[in-house]
Amino acid sequence: MNPGYPFAAILLLVTAGLCLCLGLAVVRTHREVLARQFSWFMLTVALYAAGYAWELSSADLASMKAALRFEYLGAPFATIFWLEMAYGYSWQRQLPPLTRAGLWLTPLLTMGIALTNELHHLFYADLAYTRVAGMTIARIAHGPWYYVHFAYVNVCFLAGNFFFLRAWRLAQPLYRKQAAVMLAGSCIPWGGYMLYLAGWSPYGLDLTPFGLSLTGIIAATAVWYLGFLNIIPVARDAVLECIKDGVIVLDRRSRVIDFNASAARFFPELGARPLGFD
């Protein structure tokens, strides 16, 4: 580590720790498949952010290469967990097993190729670094597999955005805020990645781990304050709203997570409070 530890690295370490804590908190309080996917997403983001903090504070090329290998224990998998979560939220079912296996093939190969890059240089054709504002900034010549990874990441982000957009369009206004927050959150790292690839990021920083950390915190806000993991936004319309009696849905901890229009007429205060209240 360098004596002058860069502020950007400290920020990444703080957000990595926060993402890890939020992911563990969710998996301890929720048992849904979406909750497990969310927690794994947060873990992969934490690994990526911590690895990039290590990279920025590297003292030499060997340390930087070790940091890059550490990053790719998490970086290839963040997008697949996000995609699975978006699909499950939008369609209320999980991806078919064969589709899921096919989608996992590319990130697994990416991790293996990144970890063994010194043997074949398929991911990074060449690596060097410069010191800028107290940070170690990698100067990378990309190998052929990097472009496969680039295409895969973009397809996953676009597909995830499509699924959240679908959920937003089909859900009643009560639930649209959840999908809108998740959709906005998913655009942040994608935008940062594009700025980095275009050479427009400050000091040449890779903005993706910063963006993913912010996305994780935004998603956690949707979990705790908007009931993201507690309710099903699309399919519920076909069930609850056709029931003429008032229906109030509680979770395992007796919190209100849903109600239909008939219940709102009987209890007007239901619409005045955010979902998840006792």
Side-chain angles (χ1 to χ4, degrees), residues 1-2 4-13 15-16 44-80 82-83 103-159 186-215:
M1 300 294 179
N2 292 315
Y5 204 71
F7 172 76
I10 295 173
L11 178 62
L12 282 168
L13 286 176
T15 54
T44 57
V45 170
L47 287 172
Y48 188 16
Y52 194 50
W54 179 3
E55 179 185 336
L56 291 177
S57 59
S58 297
D60 51 42
L61 186 60
S63 178
M64 188 190 74
K65 288 181 177 180
L68 285 167
R69 289 193 292 271
F70 183 84
E71 289 172 40
Y72 277 85
L73 296 176
F77 306 107
T79 50
I80 185 62
W82 185 265
L83 177 61
L103 286 170
W104 271 87
L105 180 61
T106 298
L108 286 170
L109 286 173
T110 296
M111 181 185 71
I113 290 170
L115 292 179
T116 60
N117 187 72
E118 294 295 305
L119 301 177
H120 44 68
H121 301 286
L122 289 174
F123 203 77
Y124 299 127
D126 190 31
L127 279 172
Y129 70 90
T130 57
R131 297 285 297 166
V132 180
M135 299 178 291
T136 300
I137 304 298
R139 301 302 180 198
I140 298 170
H142 298 135
W145 190 263
Y146 184 91
Y147 297 101
V148 176
H149 170 65
F150 167 78
Y152 179 84
V153 165
N154 280 278
V155 169
C156 284
F157 269 125
L158 289 173
S186 71
C187 293
I188 295 172
W190 184 79
Y193 190 38
M194 293 299 103
L195 289 174
Y196 168 66
L197 290 177
W200 297 341
S201 60
Y203 305 113
L205 283 169
D206 183 355
L207 300 179
T208 312
F210 295 93
L212 280 171
S213 298
L214 183 56
T215 296

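The model shown is predicted, which means the values in this text are computed figures rather than measured ones. Both backbone and side-chain heavy atoms feed into the values below; hydrogens, waters and symmetry mates do not.
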Heavy-atom check, side chain of [X] versus side chain of [Y], under 4.5 Å:
X    : Y    : value
L127 : L68  : yes
T130 : Y203 : no
C156 : W82  : no
L212 : P209 : no
T79  : P107 : no
N117 : W145 : no
I80  : Y152 : yes

How about F77 and W104: are their ring centroids closer than 6.0 Å? yes
Examine H149 together with F123 and report whether their ring centres are nearer than 6.0 Å. yes
Starting at [atom1] of [X], measure out to [atom2] of [Y] and round the result to the nearest 0.5 Å.
X    : Y    : atom1 : atom2 : value
H142 : H121 : NE2   : NE2   : 15.0 Å
E55  : Y129 : CD    : OH    : 12.5 Å
M135 : S58  : CE    : OG    : 12.5 Å
R139 : T136 : CZ    : OG1   : 11.0 Å
M111 : Y72  : CE    : OH    : 13.0 Å
I140 : D126 : CD1   : CG    : 10.0 Å

So which atom in [X] and which in [Y] form the shortest heavy-atom distance, rounded to 0.1 Å?
X   : Y   : value
P76 : E71 : CD-O, 4.5 Å
G74 : T44 : O-CB, 3.4 Å
L12 : A49 : CB-O, 3.7 Å
A16 : A50 : CB-N, 4.0 Å

Using 30° and 60° as the class limits, which term best fits the ring planes of F210 and Y52: parallel, tilted or perpendicular?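 Perpendicular, since the angle between the ring planes exceeds 60°.
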Mark yes or no for whether S57, through its side chain, and W54, through its backbone, hold a donor-acceptor pair below 3.5 Å.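 Side chain of S57 to backbone of W54, a donor-acceptor pair under 3.5 Å: yes, one is there.
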Determine, step by step, whether L61 and K65 satisfy the side chain to side chain contact (heavy atoms under 4.5 Å, CB included) criterion, reporting the C-alpha distance in whole Å, the side-chain angles of both residues, the deciding distance to 0.1 Å, and the verdict. CA-CA 6 Å; L61 186 60; K65 288 181 177 180; 3.8 Å; yes
Can you list the residues that meet the side chain to side chain contact (heavy atoms under 4.5 Å, CB included) rule with A151, with sequence neighbours excluded?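 Partners of A151 by the side chain to side chain contact (heavy atoms under 4.5 Å, CB included) criterion come out as none, since no residue qualifies.
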Give every donor-acceptor pair under 3.5 Å between a side-chain atom in residues 188-197 and any protein atom, sequence neighbours left out.
{"unit_1": "W190", "atom_1": "NE1", "unit_2": "N154", "atom_2": "OD1", "d": "2.7"}
{"unit_1": "Y193", "atom_1": "OH", "unit_2": "Y146", "atom_2": "OH", "d": "3.3"}

Is there a side chain to side chain contact (heavy atoms under 4.5 Å, CB included) between L108 and L105 once you walk through the steps? CA-CA 5 Å; L108 286 170; L105 180 61; 5.7 Å; no
Report the C-alpha distance between Y48 and L73 in whole Å, list the side-chain angles of each, state the deciding distance to 0.1 Å, and finish with yes or no for side chain to side chain contact (heavy atoms under 4.5 Å, CB included). CA-CA 7 Å; Y48 188 16; L73 296 176; over 6 Å; no
